Amino acid sequence: MIKFEDVFKVDNPDKTKVKFNINAGDVRYRALDYLMKGEEDPDWIQLNGWKDDKKREGGGNNKNQNLNKAEYLLAFAQYYPYGPSFYMFGGMYKVEKIIPEVYNGYGYRLTLMDNFSDYRKRLIIRMDSPIGQRLYNKPFESVQRDFNPEVFELAPSTKFGPFIGYNEVLLTHKELQIIVKNEAPEWKTALQSVKGIYCITDTSTGQLYIGSASGDSGGIWQRWAAYADVNNLSGGNKTFEELKKNGTDYIIDNFTYSILEVFDMRTKRADIIHREEYWKKVFQTVKFGMNN
């Protein structure tokens, strides 16, 4: 067993707190979703820098839920795909109290540090038992004693959360490459189970490309995996091949991928192509976009 304290060796344990986030007070807004949205997602930062009121409702001091006297923070998000006892490392932060003091709001300025950066969004720890609260701020020195956390997994690269639903998919090209390279199980299962119409956006120009996955095997996964091929990137698309003239990383830096419509794998190719033509007309992608 690799213990929490074996990995996270800090220079100032008496000035370091550890925060285990579950959600933002509403189960619909889970900490892991905030963490995975981006490098410095404001919701993730606010969740960790939140400062409660001086007193709890009904009495009692709230200081243990805040970052008072802490100069550093190790932040974690419950990795709910595995269960309530698992937490993903979200980074180490420098903590500065905002003056004048703010209560029931963003009361601490957090700056992401380089410490343990190789573990961010990769390392998952497991507790002896679920914490059972919305969040806990714990002094660093008491974490191993109270929860006996151990390292459960260190993913080879940024680990994605569960598949979020076809209507919510919006991936950068870099994210798509990570998902395909690691064959993220939930994403692969979901995307290879449906045919569909998708949209690729060139965020540099605003132009759109409407495409379809209409084959009898592999679904959207098979088509998007072709776009994620580091030796190709264009997926065989002639228009995208031309864009490579703008630089070898142009597609990687500017393309995003979303899903417009999904179909059962038994849907006939002709029916999907008909819907693809409909979406091209809706967005006028032959005249103004990247569909030739």
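Keep in mind that what you see is a predicted model, and the values were worked out from it rather than measured.
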Between Lys238 and Glu241, is the closest basic N to carboxylate O distance under 4.0 Å? no

Regarding Arg30 and the six-membered ring of Tyr34, is the cationic atom NZ or CZ under 6.0 Å from the ring centre and inside 45° of its axis? no

What residues, two or more places apart in sequence or in another chain, satisfy side-chain contact (heavy atoms from CB on, under 4.5 Å) together with Glu101? Lys51, Lys97, Ile99, Tyr103

For a quick test of reading the model, state the closest non-hydrogen atom pair linking Val143 to Pro149 and the distance between them. O-CD, 3.6 Å

Those residues at least two apart in sequence (or on a different chain) that pass ring pair (Phe, Tyr, Trp, His ring centres under 6.0 Å) with Tyr166 are Phe163

Test side chain to side chain contact (heavy atoms under 4.5 Å, CB included) on Thr285 and Gln207; report intermediate values, then the result. CA-CA 8 Å; Thr285 57; Gln207 289 189 312; over 6 Å; no

Suppose the criterion is side-chain hydrogen bond (donor to acceptor under 3.5 Å, both in side chains): which pairs have a residue in residues 4-13, not counting sequence neighbours? none

I need the single residue from Glu261, Arg223, Glu276 that forms a side chain to side chain donor-acceptor pair (under 3.5 Å) with Ser212. Which is it? Glu276

Which pair of heavy atoms, one from Ile45 and one from Leu110, lies closest together, and at what distance? O-CD1, 3.8 Å

From NZ (Lys280) to SG (Cys199), nearest 0.5 Å: 12.0 Å

Nearest 0.5 angstrom please: Glu277 CD to Ile197 CD1, how far? 9.5 Å

Give me the atom names and distance for the closest heavy-atom approach of Gly219 to Ala213. O-CB, 3.7 Å

Trp224 and Ser258 have their tightest heavy-atom pair at CZ2-O, 3.7 Å

Ring-ring centroid check Phe86 Tyr80, cutoff 6.0 Å: no

Checking Val151 now: which residues fulfil side-chain contact (heavy atoms from CB on, under 4.5 Å) with it, not counting sequence neighbours? Ile2, Val7, Leu123

Sequence-distant partners of Lys94, side-chain contact (heavy atoms from CB on, under 4.5 Å), two or more places apart: Glu71, Tyr72, Thr111, Met113

Should the pair Phe4 and Phe76 be assigned to parallel (<30°), tilted (30 to 60°) or perpendicular (>60°) ring geometry? tilted

Polar side chain donor-acceptor pair, Asn48 to Asn21, under 3.5 angstrom: yes

Which one of Phe240, Phe255, Tyr227 satisfies the ring-ring contact (aromatic ring centres under 6.0 Å, His included) criterion with Tyr209? Phe240

Check: Trp50 and Val102 side chains under 4.5 Å, non-hydrogen atoms: no

Taking the side chain as every heavy atom from C-beta outward, state whether Leu35 and Arg120 have any pair of such atoms under 4.5 Å apart. yes

Just by distance, no angles: are the side chains of Tyr257 and His173 close enough, under 3.5 Å, to form a donor-acceptor pair? yes

4.5 Å side-chain heavy-atom contact, Phe20 and Gln78: no

Is it true that a side-chain atom of Ser142 and a backbone atom of Pro139 form a donor plus acceptor pair closer than 3.5 Å? yes

Closer than 3.5 angstrom, by distance alone: can the side chain of Asp52 be matched with the main-chain N or O of Asn104 as a donor-acceptor pair? no

Do Tyr106 and Tyr29 share a hydrophobic cluster, counting only Ile, Leu, Val, Met, Phe, Trp and Tyr and linking them when any side-chain heavy atoms are less than 4.5 Å apart? yes

OG of Ser193 to CH2 of Trp221, rounded to nearest 0.5 Å, is 11.5 Å

Shortest non-hydrogen contact from Asp14 to Glu141? CA-OE1, 4.2 Å

Test item: Ile252 and Gln177 side chains (from C-beta on) under 4.5 Å apart, heavy atoms: yes

Applying the 4.5 Å side-chain criterion to the ILVMFWY set and letting contacts propagate, would Tyr198 and Leu208 be lumped into a single cluster? no

Go through Phe283 and Phe288 one step at a time and tell me if the ring-ring contact (aromatic ring centres under 6.0 Å, His included) criterion holds. CA-CA 8 Å; Phe283 294 112; Phe288 301 110; over 10 Å; no

Glu168 side chain vs Gly165 backbone, donor-acceptor pair below 3.5 Å: no

Heavy-atom check, side chain of Phe263 versus side chain of Ser214, under 4.5 Å: no

Measure across Lys19 and Gly49 and return the closest heavy-atom pair with its distance rounded to 0.1 Å. NZ-N, 4.4 Å

Where do Ile259 and Asn167 land on the side chain to side chain contact (heavy atoms under 4.5 Å, CB included) test, with the steps shown first? CA-CA 7 Å; Ile259 297 173; Asn167 293 334; over 6 Å; no

When hydrophobic residues are tied together by side-chain contacts of less than 4.5 Å, even through go-betweens, does Leu170 share a cluster with Ile210? no

Joint cluster assignment, Trp44 & Ile98, ILVMFWY side-chain distance < 4.5 Å: yes

Linked, directly or transitively: Val286 and Leu260 (ILVMFWY side chains, under 4.5 Å): no

For Phe152 and Tyr79, run ring-ring contact (aromatic ring centres under 6.0 Å, His included): C-alpha distance rounded to whole Å, both residues' side-chain angles, the deciding distance at 0.1 Å, then the answer. CA-CA 11 Å; Phe152 178 78; Tyr79 196 72; 9.3 Å; no

Output for pair (Lys121 NZ, Leu32 CG), nearest 0.5 Å, gives 10.0 Å

How long is the straight-line distance from NZ of Lys281 back to NZ of Lys287, given to the nearest 0.5 Å? 14.5 Å

Glu150/Lys3 salt bridge by N-O under 4.0 Å criterion: no

Carboxylate-amine/guanidinium proximity below 4.0 Å for Asp264 and Lys195: no

Contact between Arg269 and Ile272 at the side-chain level, heavy atoms closer than 4.5 Å - yes or no? no

Student check: side-chain heavy atoms of Leu67 and Leu73 closer than 4.5 Å: yes

NZ/Lys244: more than 12 non-hydrogen atoms of other groups inside 6.0 Å: yes

Taking atom OG1 of Thr203 and atom CG of Asn254, what is their separation to the nearest 0.5 Å? 4.5 Å

Between Arg275 and Tyr278, is there a side-chain heavy-atom distance shorter than 4.5 Å? yes

Under 3.5 Å, is there a donor-acceptor pair between the Tyr93 and Asn115 side chains? no

Is a side-chain donor or acceptor of Asp202 paired with a backbone partner of Ser204 at a separation under 3.5 angstrom? yes

Output, in order, the C-alpha distance, side-chain angles, deciding distance and verdict of side-chain hydrogen bond (donor to acceptor under 3.5 Å, both in side chains) for Glu153 and Tyr82. CA-CA 11 Å; Glu153 177 180 323; Tyr82 286 2; 2.8 Å; yes

With sequence neighbours left out, write down each residue that passes side-chain contact (heavy atoms from CB on, under 4.5 Å) with Phe116, or none if nothing qualifies. Phe8, Val10, Leu74, Phe89, Met92, Tyr119

Give me the one residue out of Leu176, Ile178, Ile179, Val180 that meets side chain to side chain contact (heavy atoms under 4.5 Å, CB included) with Trp187. Ile179

